[in-house]
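To start, the structure under review is shown below, and the notes come after it.
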Amino acid sequence: MATLEDIGVSAGINILTAFIFFVIFAFLRLQPFNDRVYFSKWYLKGLRSSPASGGGAFGGRFLNLDLRSYIKFLNWMPEALKMPERELIDHAGLDSVVYLRIYWLGLKIFAPIAILAWSVLVPVNWTNNALEVAKQLKNVTSSDIDKLSISNIPEYSNRFWTHIIMAYAFTIWTCYMLMKEYETVANMRLQFLASEGRRPDQFTVLVRNVPPDPDETVTELVEHFFLVNHPDHYLTHQVVFNANKLADLVNKRKKLQNWLDYYQLRYSRNNSQTRPIATLGCLGLCGQKVDAIEHYIAEVDKTSKEIAEERQNVVNDQKLVMPASFVSFKTRWAAAVCAQTTQTKNPTEWLTEWAAEPRDVYWPNLAIPYVSLTGIEKVAPFLKAIIEDKFVKSVIQGFTSISFLERRSASRYYIFNVVNVFFANVIAGAAFEQLNSFLNQSPNQIPKTIGVAIPMKATFFITYIMVDGWAGVAGEILMLKPLIIYHLKNAFLVKTEKDREDAMNPGSIGFNTGEPQIQLYFLLGLVYAPVTPMLLPFILIFFGLAYIVYRHQIINVYNQEYESGAAFWPDVHGRIITALIISQLLLMGLLGTKHAALAAPFLIALPVITIGFHRFCKGRYEPAFIRYPLQEAMMKDTLERAREPNLNLKGYLQDAYIHPVFKGGDDDNDGDMLGKLENEVIIVPTKRQSRRNTPAPSRISGDSTPSLAVINGKEV
């Protein structure tokens, strides 16, 4: 059993480790040759072009020789806290700022809980002698930490009422802070959406499950449908292509080009006339030896020809056109109406949802046809209940955006942490001698067994927090992996400023892995607050340290891949609620083992109250994260028309949702491909028999003049 002295030694080691990491970081960040690693965000935003332009007092080109700059080696901490939240949103986006608020929420929840627990529960636990009696009568080992926990209270004691009252107090305070934070973030989101500049996704919806039509192609069918059903608002559209094979070829050529650049640069820097040799066998260890430069030139040329052929194939082969399209409207109001309404009486066709912003689109999944849930239910009616589950439905339908994919990944990682990190270690704490009895218990006895083991694992989780939450967070700021990769690329591959920019890989906040890890600390804090308050100060240090470190990283390093407007907050709220309910159930199980028969039943109301609170918050605040108010959309449209009456919105949206492989390529025919894609979107024949009911003509019908059609390249 770990003693207070053991915990003190471990704390000292981890504090020293974190301090060493900070000292190393302070030295590395002051060196000019590391400037693009530790201030990469400013370079990518074009606000910094050299170490000197960042305001640093450097005394050399590669090494900082100004000794005065090393004196205040921790000045980055107060600097990270100086930027106001409003300015930080403009600088890094709402997603990053709200992510930081998760750490701040942890401080606001656990600081008062820690004060209350140490003021009330610790004296109540410490002034008992249950462990001393058990040590004498049953030869039970314990430590000073256990004396601070609920384990030191004897069975049948009336002192358990204190823990129940504190459990209610902790729950009420946590729910109150969750509600206030939910309200704050919801208002921040609405304000952000109202104040942000024009973006393509504000005018665009993603339409999926376009029904097949024997008379029309997908692009013809989409335009026909929206000209009929949204005649005054439809603007343009871009069908979705299955360009996954093309994307693989483009990535392949990029890797080959990198190897070619590497060998050419190596040859140019080598004074000898010996040309570099490449081995084509397994891992470059065996096989045929060839001239590396000639080999990669040939491979790049070969792959470029394959790319050109596949580009033509994607555009011309109707089998590669998916039954989905990005449809853009003249106004935000029209896009909001379309995205939030049902388009036909068949609820499985013409399904609309808000389009993700272009950089957030997860293109590989758009090439997966939308599965007709109705069809599955008809074939296997017994699967209806499973299919209609929100989680299962999201898996069947696929993920259409990176942000949505990361949110679902975070949910799975959270479950993994709860089961494998928390419960696995708690169950292991039940001791191996009790394993057989644990496996043979009925399900209603399992919470009691787990409850007994919770105080026993307090020292383990305290150590875990110090290693992962203190030293681990301090190590994050070193950016060792990006630092090493940048210098390797800079040494062997960089030839131009564009190459140097590409060599910077600052990464992002990593919501899919970072947020579930934070949630584990919420779970530990809520579970151990009424059981072993000794753990709470370690939790507080983690949240405080992580807030400072990640605020610094978001300001100076991380480059967020997308902006979802804090769409992840309902998931954050739900997982904290889950942790709160788990803590309540485990406390009930623990008190059951203490034979607190009169006190334990009063805890039954806590999960009920918590679930009711969650349902209230879900109904009150969640709509702000899944729907866009029509009033806000109309206000933005009105202001934009007044400020920019001659805005060419169609030109702005025309190629916003064209697959990235058709943009920014190196081939000469990239422009021709873009032109062909645009022509396919805007010159649309209508062959269906219902064309006489269409308010706009096509090349086939041609009865009247469309309001937004383009005929022979001219807008009529």
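Residue numbers start at 1 and run along the sequence shown.
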Specify the closest pair of heavy atoms between Val327 and Val222, including all atoms of both residues, with the distance to one decimal. CG2-CG1, 3.8 Å

Under a 3.5 Å cutoff, is there a donor and acceptor pairing between the side chains of Thr400 and Asn365? no

So, Lys489 and Asp502, do they make that salt bridge, N to O below 4.0 Å? no

Are Tyr562 and Glu406 close enough that a side-chain donor and a side-chain acceptor fall under 3.5 Å? yes

Minimum heavy-atom separation for Met188 and Arg101, please, with both atom names. SD-CD, 3.9 Å

Taking the six-membered ring for Trp, are Phe329 and His230 ring centroids under 6.0 Å apart? yes

Here's one to test your reading of the geometry: is the NZ or CZ of Arg407 within 45 degrees of the ring axis of Phe568 and under 6.0 Å from its centre? no

Run the ring-centre check on His91 versus Trp42 and record whether the distance is less than 6.0 Å. yes

Are Lys319 and Asp317 within salt-bridge range, i.e. N to O under 4.0 Å? no

Does one side chain, of Asn313 or Glu309, offer a donor that lies under 3.5 Å from an acceptor on the other? no

Within 45° of the axis and under 6.0 Å from the centre of the six-membered ring of Tyr182, does NZ or CZ of Arg620 qualify? no

Just checking Phe225 against Trp350, ring centres under 6.0 Å apart? yes

So, Asn346 and Thr344: side-chain donor and acceptor under 3.5 Å apart, yes or no? no

Distance-only side-chain donor-acceptor flag, Ser328 / Thr204, under 3.5 Å: yes

SB check Arg332 Glu640 (cutoff 4.0 Å): yes

When you measure from the centre of the six-membered ring of Phe404, is the NZ or CZ of Arg408 closer than 6.0 Å and no more than 45° off the axis? yes

Polar contact flag, side-chain donor to acceptor under 3.5 angstrom, Tyr234-Asn229: no

Any salt bridge linking Arg575 with Glu515? Criterion: basic side-chain nitrogen under 4.0 Å from a carboxylate oxygen. yes

